[in-house]
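Quick notes on the structure that follows.
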Amino acid sequence: MEKGYTLMHEHITIDLSGVKKDLDCRLDCFEETKAELCSLYQLGVRRILDVTNMGMGRNPKYVSRMEKATGIRILQSTGFYKEPFLPDFVYSMSEMELAELAEKELTEGIGDSGIKARVIGEFGTSKNIMTDMEKKVFHSMALAAVRTGAVVTTHTTLGTMALEQAEYLKQAGVKPEKIIIGHLDLSQDPDYILSVLKEGVNIGFDTVGKNNYCPDQFRAETLKRIAKEGFLGQVVLSMDITRKTHLKEWGGLGYTYLFETFLPMLRDYGLSEEQIDMLLINNPDRILK
Ligand SMILES: [Zn+2]
């Protein structure tokens, strides 16, 4: 693969509009997304991890068309999100059956699309709790990860339950270097974030630009501290764009914000080019190899 930046937690297309009762949560605007991805290519992005999975309006052929239209490699996902977004069959099938379904998508392909999933994610927990059904998903996805060696990437709700997720997956036999615990920036608690890093897992600062949830100054300041404590090799970046109004066309920041606004902020906080490359090139390459 050509050397370049990787965004580790995005949704090229997603539809949570049914549960959320908000049409903004249906991101299905091919041309507008394509235009933004073409700008990303110009900025050096060569790969995106798309973590939309079953129950989130996944559309492998749409993503594959986007890949061809933009030249950016887009890795797709298998798995289930969290309550209340789990498909009905998750409630009725056994853990082993769910694990086998994920394994089939990783090794043979998603449905009859002929497109293989590359990672397991984003599966996750609710705020301050892992529900019984989320435990079932965690157990089955860990099984699939152990059987295939695939990377797992999780969703935490506002950074809560991150330690529990890391411990659970490690205990189930998933290698820490293949685990990415998501949305840790939203915890807004540097000490907690460091305690998760000490588990040996990777974490996502993957909601860059969502200043209403967490100001980017916090992200920059905390990345500086993580670097000082020697854990920057376990952090990846992304924006988690999920709504039409996140795109420029509808007045949002758009994907290029990470490169045009956030990276200059990191430089202002004293992060070096080498450290920025670590976050966007070396760490993703190592995790996904
Ligand atoms: Zn998420």
Side-chain angles (χ1 to χ4, degrees), residues 6-20 22 24-27 48-59 63 74-87 90 102 117-131 133-135 137-138 141-142 145 150-166 168-169 179-189 192-193 196 201-214 216 219 235-247 252-253 255 258 284 287:
T6 302
L7 295 177
M8 289 292 275
H9 189 114
E10 297 297 340
H11 302 271
I12 298 306
T13 184
I14 182 169
D15 186 4
L16 302 180
S17 64
V19 173
K20 295 205 175 194
D22 181 352
D24 189 27
C25 300
R26 184 189 293 164
L27 184 63
I48 295 176
L49 184 46
D50 182 332
V51 294
T52 298
N53 58 29
M54 288 177 259
M56 297 171 101
R58 187 180 55 172
N59 187 341
V63 175
I74 306 173
L75 308 179
Q76 302 196 42
S77 298
T78 185
F80 315 98
Y81 184 30
K82 62 163 189 168
E83 288 198 295
F85 302 97
L86 301 174
V90 172
R118 180 64 163 67
V119 302
I120 306 172
E122 65 174 303
F123 57 94
T125 47
S126 298
K127 190 176 174 192
N128 292 316
I129 185 175
M130 188 186 278
T131 69
M133 213 38 66
E134 288 162 358
K135 275 183 196 155
V137 169
F138 258 74
M141 296 302 98
V151 168
V152 301
T153 182
T154 76
H155 165 96
T156 63
T157 299
L158 303 178
T160 66
M161 306 300 288
L163 266 180
E164 288 84 353
Q165 289 189 4
Y168 193 92
L169 291 168
I179 300 170
I180 307 163
I181 307 291
H183 311 325
L184 253 290
D185 40 353
L186 296 181
S187 80
Q188 296 202 60
D189 181 345
Y192 185 68
I193 292 168
V196 177
V201 297
N202 304 287
I203 65 164
F205 267 40
D206 49 21
T207 62
V208 170
K210 294 194 176 174
N211 285 297
N212 49 340
Y213 286 97
C214 164
D216 276 338
R219 293 185 179 87
V235 186
V236 293
L237 299 182
S238 221
M239 290 188 69
D240 194 20
I241 282 180
T242 54
R243 291 172 176 258
K244 290 188 183 85
T245 52
H246 290 155
L247 297 180
L253 299 177
Y255 289 93
L258 192 150
I287 296 165

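Atoms within a ligand are numbered from 1 in the order they appear, just like the ligands themselves. Model, not experiment: these values are computed from the prediction.
Shown here are the protein N/O/S atoms lying under 2.8 Å from the Zn ion (ligand 1), water excluded: Glu122 OE1, His155 ND1, His183 NE2.
Between His9 and His11, the ring planes lie perpendicular to each other; the angle is over 60°, past the 30° to 60° tilted range.
With sequence neighbours excluded, no residue satisfies ring-ring contact (aromatic ring centres under 6.0 Å, His included) with Tyr255. For Asp240, the salt bridge (charged side-chain N to carboxylate O under 4.0 Å, His left out) partners two or more places apart in sequence, or in a different chain, are Lys210.
Contact between Arg243 and Asp22 at its shortest, heavy atoms only, is NH1-OD2, 3.2 Å. Considering all non-hydrogen atoms of both residues, Asn53 and Tyr81 come closest at OD1-N, 3.6 Å.
Judged as a salt bridge (Lys or Arg N to Asp or Glu O under 4.0 Å), not a single pair has a partner in residues 120-129 (not counting sequence neighbours).
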